[in-house]
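Reading through the structure tokens given below for one structure.
Chain letters run A, B, ... following the sequence lines, proteins first, then strands; residues in each count from 1.
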Amino acid sequence: MSRGPNENYVKSRVPRGFHLDVARKIQMALASRVVEEDLININNVDLVAGIDVAYINHKDTEIGISVASTYSISRSSIIEWSCWVGSIIFPYVPTLLSFRELKPVVNAYLRLRTKPQVVLIDGHGRAHPYRLGIASHFGVCLRIPTIGVAKSLLYGRMEGTEGPVLDVSTNEVIGWTVQCAPTKPTYVSVGYGISLGSAVNLVKRMCVGSQMPIPILHSHNTANSLKRRITKRLMGETTFEELDSECKASMGNYLS
DNA sequence: GCGACAG
DNA sequence: ATCTTGTCGC
């Protein structure tokens, strides 16, 4: 596969001891297991979760704050949200985002009491040079329908304001551009267990003028407000465990 | 050869 | 993504 981040650049950013060639083989192996058909009835979907992560740099360590929010389409509201706070050791490297964010993303997801039917993840799914963006990585590992929703393109070329994202060399459709916001585009791609058409349809039903659909937007805003609160607490030397249990205690449950 | 590059 | 200063609009 051609275009996409320069491999030498990627290699230079990877931590010592991390074998890029092995990671690529893993990505390709998992990518071959991605299901691009609907494993759920799109017209019967009500609960959709969205996950996002915020970061804080504190004394040579990086803290990740992840939030998962479950939105009910029928009730037009967020019915629950969960969060997780912990250390992040892997750096951000284009095409290797999942090696950094899967830990916080999965942990926040596991804390949801009511499991959603589909999960929206901030990043790409199949629109990735090795066909395994974080949304697909998450879906293949947990075998849960997922959709990748991103604010910018990592790989591929967009055709028009509202249309397909094509692989530069093979011309295959790897994603779709949607106009959730008036100006900025939103890129949707299959994560796992759902067709591209259904993924686009579902995302469009949860757009409210912002680039991100409601579930991810709620998680994004919540993660940032938790971050502001945590930043203040950090001045007084608080441990990860304390921060995490405080965050855990603040999780919202609007079920009853 | 230069530049691109999810979060 | 994060950091940061200034400006616009409700």
Over 60° means perpendicular and under 30° means parallel, so tell me whether A:Phe99 and A:Phe90 are parallel, tilted or perpendicular.
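Judged by the thresholds at 30° and 60°, the geometry between A:Phe99 and A:Phe90 is tilted.
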Side-chain N or O of [X] less than 4.0 angstrom from OP1 or OP2 on [N]?
X: A:Ser152; N: B:dG7; answer: yes
X: A:Lys151; N: B:dG7; answer: yes
X: A:Lys227; N: C:dC3; answer: yes

In terms of side-chain heavy atoms of A:Leu97, which of B:dA4, B:dG7, C:dT2 is nearest?
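Of all the options, the side chain of A:Leu97 is nearest to B:dG7.
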A:Glu101 side-chain proximity, nearest of B:dG7, B:dC5, C:dT2
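Comparing B:dG7, B:dC5, C:dT2 against the side chain of A:Glu101, the answer is B:dG7.
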Under 4.0 Å, counting only non-hydrogen atoms across every strand here, what does [X] touch: a base, just sugar-phosphate, or nothing?
X: A:Tyr187; value: nothing
X: A:Ala127; value: nothing
X: A:Leu96; value: base

Carboxylate-amine/guanidinium proximity below 4.0 Å for [X] and [Y]:
X: A:Arg24; Y: A:Glu7; value: yes
X: A:Arg157; Y: A:Glu159; value: yes
X: A:Glu36; Y: A:Arg131; value: no

Looking at A:Arg111, I'd like to know if its CZ atom is crowded, meaning that more than 12 non-hydrogen atoms belonging to other residues, nucleotides or ligands lie closer than 6.0 Å.
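It does: A:Arg111 CZ has more than 12 such atoms within range.
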What parts of residues 173-182 of chain A reach DNA chain B, counting only heavy atoms under 4.0 Å away?
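Contacts with DNA chain B under 4.0 Å: none.
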How many whole angstroms separate atom [atom1] of [X] from atom [atom2] of [N]?
X: A:His124; N: B:dG7; atom1: NE2; atom2: C1'; value: 10 Å
X: A:His220; N: B:dG7; atom1: NE2; atom2: C1'; value: 11 Å
X: A:Phe90; N: B:dG7; atom1: CZ; atom2: P; value: 17 Å
X: A:Tyr55; N: C:dA1; atom1: OH; atom2: C1'; value: 7 Å
X: A:Leu102; N: C:dA1; atom1: CG; atom2: C1'; value: 17 Å
X: A:Ile89; N: B:dG7; atom1: CD1; atom2: P; value: 22 Å
X: A:Tyr9; N: B:dC2; atom1: OH; atom2: P; value: 17 Å
X: A:Ile134; N: C:dA1; atom1: CD1; atom2: P; value: 13 Å

Donor-acceptor pair, side chain of A:Glu172 and main chain of A:Asp167, under 3.5 angstrom:
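Pair absent, no side-chain N/O of A:Glu172 close to backbone of A:Asp167.
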For the residue pair A:Ser69 / A:Ser219, report whether a side-chain donor-acceptor contact shorter than 3.5 Å exists.
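Per modelled atom types, A:Ser219 and A:Ser69 side chains form a pair under 3.5 Å.
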